[in-house]
Novice: 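Below is the structure I would like to discuss, written out as structure tokens.
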Amino acid sequence: MPTKTSIQNIGQFLGQSVTLQGWLYNKRSSGKIVFLQLRDGTGTIQCVAVKAELPEEVFQICQSLKQEASLRVTGEVKEDERAQNGYELTVQSVELLHQSDDYPISLKEHGVDFLLDHRHLWIRTPRQRAILKIRSEVLQAMTLFFSENGFTRVDPPILTPTSCEGTSELFHTQYFDEDAYLTQSGQMYMEAAAMALGKVYSMGPTFRAEKSKTRRHLIEFWMIEPEMAFVDHDENMRIQEQFVSYIVQHVLKHCAIELKTVGRDISILQNVQPPFPRMTYDEAIKWLNDNNYEIAWGEDFGAPHETALAAQFDRPVFIERYPTAIKAFYMQPDPDRPEVALCADLLAPEGYGEIIGGSERIHDFALLEKRFEEHQLPKEDYDWYLDLRRYGSVVHSGFGIGLERTVAWICGLEHVREAAAFPRMLYRLKP
RNA sequence: UCCUCGAUAGCUCAGCGGUAGAGCAUCCGGCUGUUAACCGGAGGGUCGUAGGUUCGAAUCCUACUCGGGGAGCCA
């Protein structure tokens, strides 16, 4: 019996007969030879069926296979310079498992609308497979980094009673007789967890009911949110640059084929090493005004501002110490300059925008209580959050990194929607 | 919510006032090294919906529906 294996391991079986199971990606044929492009999720390989070397019925099966038919192929592994990954399979036998009539996604160009309607099939294509593989490796790299650096994973709830930040629109739902909302950030829960476990992180979906319709926005997206006790603003940034560099270098090491499949220029990614450049908000405002952007101190950056700022550098850049007034209520003001907050956004190069938002959190009870009043937040809903400042409060910091934006940047995607298997977008809930 | 672009064959598009077109996909035939293979043939349409202008509308006008891109907001 020939050994069953997968395409990624085919090189170990040179000269031997093996069995592969997968789907027909494409077929090219002439009267007496058929080339089957087989994919099995781990890769793609060309199987060559020669009429003169096969029983008539086997060759007929090869001719009858349609795009995305499932099949089992047995053949001899050969090296071939003409093959794209160096190996070919010379077909000895083929078993048609299930035919595929009228497969909707041909190998020609398609529009976005059509592809998104067929997302459940679109993910079978090599490019989409590669992106999902890289996404998986990004999560794997994050998990490894956290594990190597003493973090504990804590999973905050998805159903929440109130807003975490009070800014974005929330998805409303019912929790029996109460109102409930889908989480837009687990941060406040992670602050509580950091006081219990020291260094913690979460990974999971978040929801924003914003009518956002750009290449950088999804309605449901994954956020990874580390939170660290006894870490101040500067250390927070140092951890972030180590973290992002670790992820990028991990992907470069483990996803060379996938990066090639998506057409990424990896020389840009190779630059992603600490330290990352840092600009203060003040410096950024000055730079923008020196470069023909009109923006006053106190205004938030728009997407074109962020793109222009980030375009100066070959790796992500921190913009730190934004005006307290335009940032979230829980951010620690600079003790020497309370009008700015000890926070930083990390902007990815090449126009991918903000991938991380982070800050040192207010640890002083009286100041946080004052912020609740200023922002007119219902204290009864947040009393547990104030408790964290009542009992052994410590300096702590954290950040949130957007998974799809990070994957889109690493892969060089036009749009974050390709970074999610089934993206939830404005006006698009199916499939 | 605002700005902007679009909707014609299963898919990608052309046609922009005078009888509905191409490439791919599908089906039939040909080809022993193809790389989105190629060559020949065939079938395939309420031109998003509803009104209007006109002798005549896929084409011009109005409204609506659905979608793309962008802004704001954010990761």
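In the text below, chain A, chain B and the rest are named by the order of the sequence lines, each starting its count at 1.
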Novice: Just how far, in rounded Å, is C1' of B:U1 from NE2 of A:His217?
Specialist: 15 Å
Novice: For A:Phe35 and B:G33, is the gap between ring centres under 5.5 Å while the planes differ by less than 30°?
Specialist: no
Novice: Give none if B:C27 has no partner; otherwise give the nucleotide forming a Watson-Crick or G-U wobble pair with it, both distances under 3.5 Å.
Specialist: B:G41
Novice: Any base atoms under 4.0 Å from A:Lys66, or only sugar-phosphate, or nothing? Heavy atoms, all strands.
Specialist: sugar-phosphate
Novice: So A:Ile401, base contact, sugar-phosphate only, or nothing? Heavy-atom distance under 4.0 Å.
Specialist: nothing
Novice: Strictly by Watson-Crick or wobble contacts shorter than 3.5 Å, is anything paired with B:C64, and which nucleotide is it?
Specialist: B:G48
Novice: Using heavy atoms and a sub-4.0 Å distance, could you list which residues of residues 50-61 of chain A are near RNA chain B? By number, please.
Specialist: A:Val50, A:Ala52
Novice: So what does A:Thr406 hit on the nucleic acid, given a heavy-atom distance under 4.0 Å: a base, only sugar-phosphate, or nothing?
Specialist: nothing
Novice: When you measure from the side chain of A:Arg28, which nucleotide among B:U32, B:A75, B:U35 comes out closest?
Specialist: B:U35
Novice: Grab the NZ-C1' distance between A:Lys211 and B:C74 for me, whole Å please.
Specialist: 17 Å
Novice: Would you please indicate yes or no on a ring centroid separation below 6.0 angstrom for A:Phe329 and A:Phe372?
Specialist: yes
Novice: For a quick check of understanding: with a heavy-atom distance under 4.0 Å over all strands, which category does A:Gly302 fall into, base, sugar-phosphate or nothing?
Specialist: sugar-phosphate
Novice: Side chains of A:Gln63 and A:Ser29 only: does a donor on one sit below 3.5 Å from an acceptor on the other?
Specialist: no
Novice: Taking only N/O atoms, report every protein-nucleotides 8-16 of chain B pair under 3.5 Å with atom names and distance.
Specialist:
| residue | atom | partner | partner atom | Å |
| --- | --- | --- | --- | --- |
| B:C11 | O2' | A:Glu109 | O | 3.3 |
| B:C11 | O2' | A:His110 | ND1 | 2.4 |
| B:U12 | OP1 | A:Gly111 | N | 3.0 |
| B:U12 | O4' | A:Glu109 | O | 3.3 |

Novice: Looking only at N and O atoms, is any donor in the side chain of A:Ser212 or the base of B:C74 less than 3.5 Å from an acceptor on the other one?
Specialist: no
Novice: Distance between the C1' atoms of B:C60 and B:A22, in whole angstroms?
Specialist: 26 Å
Novice: A:Glu354: which residues meet the salt bridge (charged side-chain N to carboxylate O under 4.0 Å, His left out) condition with it, sequence neighbours left out?
Specialist: none
Novice: Any salt bridge (charged side-chain N to carboxylate O under 4.0 Å, His left out) pairs touching residues 320-330 of chain A, not counting sequence neighbours?
Specialist: A:Arg321-A:Asp334, A:Lys327-A:Asp345
Novice: Which pairs pass salt bridge (charged side-chain N to carboxylate O under 4.0 Å, His left out) with one or both residues in residues 84-110 of chain A, sequence neighbours excluded?
Specialist: A:Lys66-A:Asp101, A:Arg72-A:Glu95
Novice: Can you tell me the pairing partner of B:U1 across any strand shown, Watson-Crick or G-U wobble, with both distances under 3.5 angstrom?
Specialist: B:A71
Novice: When you check the phosphate oxygens OP1 and OP2 of B:C74, does a side-chain N or O of A:Lys213 lie under 4.0 Å from one of them?
Specialist: no
Novice: Donor-acceptor pair, A:Arg424 side chain versus A:Ile219 backbone, under 3.5 Å?
Specialist: no
Novice: Report which part of the nucleic acid A:Ile105 touches: base, sugar-phosphate, or nothing (heavy-atom distance under 4.0 Å, all strands).
Specialist: nothing
Novice: Can you find a side chain N or O atom of A:Arg208 that sits less than 4.0 Å from OP1 or OP2 on B:G72?
Specialist: no
Novice: Distance check, P atoms only: B:G18 and B:C13, in whole angstrom units.
Specialist: 24 Å
Novice: Under a 3.5 Å cut-off for both contacts, is B:C13 paired Watson-Crick or G-U wobble with anything, and if yes, with which nucleotide?
Specialist: B:G21
Novice: Suppose we screen for ring-ring contact (aromatic ring centres under 6.0 Å, His included). Which residues come up paired with A:Phe114, at least two apart in sequence or across chains?
Specialist: A:His110, A:His118
Novice: Rounding to an integer number of Å, can you tell me how far A:Asp101 CG sits from B:U26 P?
Specialist: 10 Å
Novice: Taking the ring centre of each residue, are A:Tyr322 and A:Phe301 less than 6.0 Å apart?
Specialist: yes
Novice: With a 4.0 Å heavy-atom cut-off, tell me which residues in residues 417-431 of chain A come close to RNA chain B, sorted by residue number.
Specialist: A:Arg417, A:Tyr427, A:Arg428
Novice: Would you classify A:Asp345 as touching base, sugar-phosphate or nothing, given that sugar-phosphate means primed atoms plus P, OP1 and OP2, and contacts are heavy atoms under 4.0 Å?
Specialist: nothing
Novice: Quick one, which residues of residues 243-252 of chain A touch RNA chain B with a heavy atom under 4.0 Å?
Specialist: none
Novice: Can you list the residues that meet the salt bridge (charged side-chain N to carboxylate O under 4.0 Å, His left out) rule with A:Arg371, with sequence neighbours excluded?
Specialist: A:Glu374
Novice: Taking only residues two or more places apart in sequence or in another chain, which ones pass salt bridge (charged side-chain N to carboxylate O under 4.0 Å, His left out) with A:Arg28?
Specialist: none
Novice: Measure from CD on A:Glu210 to C1' on B:G72 and round the result to the nearest Å.
Specialist: 9 Å
Novice: For A:His363, give me all partners under ring-ring contact (aromatic ring centres under 6.0 Å, His included), at least two apart in sequence or on another chain.
Specialist: none
Novice: May I ask which nucleotide in the shown strands pairs with B:U53, Watson-Crick or G-U wobble, both distances under 3.5 Å?
Specialist: none
Novice: I'd like to know whether the aromatic ring centres of A:Phe243 and A:Phe146 sit less than 6.0 Å apart in this structure.
Specialist: yes
Novice: Are A:His415 and B:G68 close enough that a side-chain N or O sits under 4.0 Å from OP1 or OP2?
Specialist: no
Novice: Mind calculating the distance between CD1 (A:Ile33) and P (B:C38) to the nearest angstrom?
Specialist: 17 Å
Novice: Residues two or more places apart in sequence or in another chain: which of them pass salt bridge (charged side-chain N to carboxylate O under 4.0 Å, His left out) with A:Arg238?
Specialist: none
Novice: Rounded to the nearest Å, what distance is computed from the CH2 atom of residue A:Trp122 to the P atom of nucleotide B:A36?
Specialist: 19 Å
